[in-house]
Amino acid sequence: FFFIDLLTQSNNRTNATTMRVLGPLLVASSATFTLGQYHERNAARLMYNEFTLEAREERIAQAALFEENDEAFGNLMEAENAKIFEEYRERGSKYGPDGVTVIEENKLKATSTQPTDPRVPPGFADPFWKKIHEAENMEPDVSEHILDGLNGTASEDWASGFILLKSKGQIQQWPLERRDDFDYLYENSPNKIIRRVCESCLPSHKEIFYKRITALPDNFLNLIENQWVSTNNVIGVDFNLYSSYEDAVAGNDAWPDYCTYGQQDVGFPGECGPTGQTPDQWNFFTDSLGEPAYTGQPDVAFFVEDFQAEAFDYYLSDVDKQIDDELANDPALAYKRGVCAYNPFRDRRRICFKACRATSSPEAHKLCLNMKEESLRFKMYAWGSNQEQQEGTEAGLLMKTTHALGDDPSVGRGTY
């Protein structure tokens with residue numbers, strides 16, 4: 001190309017010496033490339049460069065516009081988020097709109113001065129709400145119209161037929177205990193039957209009925225509560241044991257003599273059993289110093305017949321017996337019957353099922369709802385305990401692995 005430019009700039013002067021030098025080169029180059037083709041390609045190259053430059057300038061301008069728009073949009077979003085956050089702060093919410101960010105100013109407010117915002121949806125900032133109220137069905141499923149209709153309706157009052165004397169463990173109801181009135185209550189009871197309920201026992205010992213044949217020995221309550229002895233207390237001679245109240249009243253199917261007596265700090269029924277000696281079903285309430293005892297079965301209660309109860313209050317329907325049997329042998333099946341099954345108090349549980357079966361009257365329906373609500377609290381407690389055990393927080397009170405600070409085996413306290 002350089003040689004061609006020299007040639008074109010010579011203004012057609014004929015220089016023999018130059019031609020002799022450049023001639024062979026021109027001949028060789030003309031075989032593949034002409035002068036016209038050179039100008040065409042050069043023009044195309046210039047044109048491409050112009051287009052490329054224009055595109056580059058366009059991209060630079062577009063990027064600058066995007067950057068300007070992004071900044072403006074970001075400012076708008078930031079202003080909008082700040083506005084929403086300020087609304088949450090002003091109305092007293094403990095958390096920001098994301099449900100996670102804590103509004104420190106509101107967090108420090110006293111509960112009494114921080115009303116719940118009605119606009120906050122149920123379960124807001126509470127990861128357990130959905131689990132408790134939806135997955136576990138932790139609230140009674142009842143129409144608001146029914147609740148309105150029952151408003152002001154008195155709840156029906158059903159009796160169990162028995163009066164609580166003494167209780168311990170998860171079925172303890174000390175405000176209802178009438179141990180000090182035992183002599184009066186026993187003397188007026190229709191059949192002189194003592195009932196023991198043990199929710200932590202084997203199915204054969206969950207409910208036992210003790211019926212006296214002879215007069216009560218001295219210090220009888222200590223005998224059944226703490227020290228099971230044979231003095232004036234021999235099976236088949238002074239008393240008999242039965243698995244149901246009906247059998248106890250009729251005197252049918254009394255337990256055979258498989259009893260043992262006299263073991264230190266062992267209360268009722270020793271090792272008595274319906275089919276043979278049965279260890280570790282006894283109770284022990286207080287030691288010799290009157291201090292609470294922590295041996296024996298943990299969930300136990302003693303009752304005496306209520307002489308003011310109606311005759312039908314003492315007896316169970318076939319459905320009640322079936323539910324008791326399911327709870328003893330297949331709790332999962334019993335729980336499918338409804339929330340009543342979660343009530344640990346046997347008599348309250350039976351009343352719950354009875355009331356919810358007999359909902360033909362508003363009073364029974366009201367009692368059913370009240371008992372369901374009571375049972376629901378026990379269901380929630382049981383669920384919470386199971387969750388704690390599954391996460392291992394009861395073993396050494398170690399910090400949960402789901403804790404915000406992570407798992408730290410060296411921490412001995414602070415499970416939450």
Side-chain angles (χ1 to χ4, degrees), residues 162-174 177-187 189 191-245 247-249 251-305 328 346:
F162 294 91
I163 295 174
L164 178 64
L165 296 173
K166 187 70 175 177
S167 58
K168 65 181 294 188
Q170 292 189 2
I171 60 173
Q172 184 179 31
Q173 292 180 292
W174 62 265
E177 292 178 1
R178 297 184 62 183
R179 187 180 188 277
D180 295 340
D181 299 329
F182 171 70
D183 291 339
Y184 169 75
L185 296 173
Y186 179 78
E187 289 301 323
S189 63
N191 298 290
K192 307 297 184 287
I193 294 175
I194 305 297
R195 171 184 173 227
R196 190 196 79 158
V197 171
C198 177
E199 295 293 348
S200 53
C201 286
L202 295 173
S204 60
H205 286 66
K206 284 189 177 295
E207 196 167 21
I208 304 173
F209 296 88
Y210 174 102
K211 185 178 182 180
R212 286 297 299 189
I213 300 173
T214 61
L216 288 179
D218 295 335
N219 205 11
F220 172 73
L221 290 180
N222 185 65
L223 180 147
I224 60 174
E225 290 174 1
N226 304 309
Q227 195 61 57
W228 183 247
V229 296
S230 60
T231 305
N232 297 323
N233 189 54
V234 177
I235 191 169
V237 177
D238 299 297
F239 71 92
N240 276 319
L241 300 178
Y242 301 88
S243 296
S244 71
Y245 180 76
D247 287 340
V249 173
N252 298 329
D253 297 327
W255 288 13
D257 184 4
Y258 294 119
C259 287
T260 60
Y261 308 91
Q263 298 182 55
Q264 183 66 31
D265 296 336
V266 172
F268 179 88
E271 293 187 352
C272 301
T275 58
Q277 289 186 2
T278 311
D280 301 327
Q281 302 305 298
W282 46 269
N283 50 255
F284 184 47
F285 279 79
T286 54
D287 60 21
S288 58
L289 299 177
E291 296 295 326
Y294 299 100
T295 57
Q297 288 296 324
D299 306 319
V300 179
F302 281 100
F303 300 82
V304 65
E305 293 170 292
R346 183 164 294 238

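Because the structure is a prediction, the values reported are computed rather than measured. Along the sequence shown, residues are numbered consecutively beginning with 1.
- The one candidate from Glu177, Gln172, Gln173 that meets the side-chain hydrogen bond (donor to acceptor under 3.5 Å, both in side chains) condition with Ser167 is Glu177.
- A distance-only check finds a donor-acceptor pair linking the side chain of Gln297 to the backbone of Asp280 [under 3.5 Å].
- Residue Val304 is tested with Leu185, Asp181, Ile193 for a side chain to side chain contact (heavy atoms under 4.5 Å, CB included); the sole match is Leu185.
- No cation-pi contact links Arg212 to Phe239, judged by a cut-off of 6.0 Å to the six-membered ring centre and 45° from its axis.
- Although no hydrogens or angles enter the test, the distance criterion places no donor-acceptor pair under 3.5 Å between the side chain of Glu199 and the main chain of Pro298.
- Heavy atoms from other residues, nucleotides or ligands lying under 6.0 Å from CG of Asp218 number 12 at most.
- Remark: the backbone N or O of Cys201 is paired with a side-chain donor or acceptor of Lys206 at under 3.5 angstrom.
- Contact check for Tyr186 versus Leu165: no side-chain heavy atoms found under the 4.5 Å cut-off.
- Panel note: side chain Asn232, backbone Pro217; no donor-acceptor pair is recorded below 3.5 Å.
- Residues Arg179 and Leu221 meet the side-chain proximity criterion, which asks for heavy atoms closer than 4.5 Å.
- Taking the six-membered ring for Trp and the full ring otherwise, Phe220 and Tyr210 have centroids separated by under 6.0 Å.
- Checking side-chain atoms of Lys166 against main-chain N and O of Phe303 turns up no donor-acceptor pair under 3.5 Å.
- In terms of heavy-atom proximity, Leu223 sits nearest to Thr231 at CD1-O, 4.5 Å.
- For the pair Trp228 (side chain) and Thr260 (backbone), a donor-acceptor distance under 3.5 Å is present.
- Taking CG of Asp299 as the start and SG of Cys198 as the end, the distance is 7.0 Å to the nearest 0.5 Å.
- From Arg195, atom CZ reaches atom CZ of Phe162 across 5.5 Å, with rounding to the nearest 0.5 Å.
- With hydrogens and angles ignored, the 3.5 Å screen pairs a side-chain donor or acceptor of Gln227 with a backbone N or O of Asp265.
- Salt bridge Arg196/Glu207: absent, no basic N to carboxylate O contact under 4.0 Å.
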Check the pair Thr275, Trp255 against side chain to side chain donor-acceptor pair (under 3.5 Å), reporting the backbone distance first and the verdict last.
CA-CA 8 Å; Thr275 58; Trp255 288 13; over 6 Å; no
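- Taking the side chain as every heavy atom from C-beta outward, Ser204 and Gln281 never approach each other to under 4.5 Å.
- Side-chain atoms of Asn226 come within 3.5 Å of backbone N or O of Phe285 as a donor-acceptor pair.
- Between Phe302 and the choices Ile163, Ile194, Val197, the side chain to side chain contact (heavy atoms under 4.5 Å, CB included) rule is met once, by Ile194.
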Derivation of the side chain to side chain donor-acceptor pair (under 3.5 Å) call for Ser244 and Asp247:
CA-CA 5 Å; Ser244 71; Asp247 287 340; 3.1 Å; yes
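- Distance alone, capped at 3.5 Å, places no donor-acceptor pair between the Glu225 side chain and the Gly267 backbone.
- Residues Pro274 and His205 have side chains in contact (heavy-atom distance under 4.5 Å, counting atoms from C-beta outward).
- Under the 3.5 Å distance criterion, the side-chain polar atoms of Asn283 are matched with a main-chain donor or acceptor of Ile224.
- Ile235 contributes atom CD1, which lies 6.0 Å from atom CG of Asn240 (distance to the nearest 0.5 angstrom).
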Intermediate values then yes/no, side chain to side chain contact (heavy atoms under 4.5 Å, CB included), Cys272 and Thr278:
CA-CA 6 Å; Cys272 301; Thr278 311; over 6 Å; no
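- A heavy-atom distance below 4.5 Å is found between the side chains of Asn191 and Tyr245.
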Residues Tyr242, Lys211; criterion side chain to side chain contact (heavy atoms under 4.5 Å, CB included); working and verdict
CA-CA 8 Å; Tyr242 301 88; Lys211 185 178 182 180; 4.1 Å; yes
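- Summarising the geometry of Lys192 relative to Glu187, their closest heavy-atom pair is NZ-O, 3.4 Å, with the distance given to 0.1 Å.
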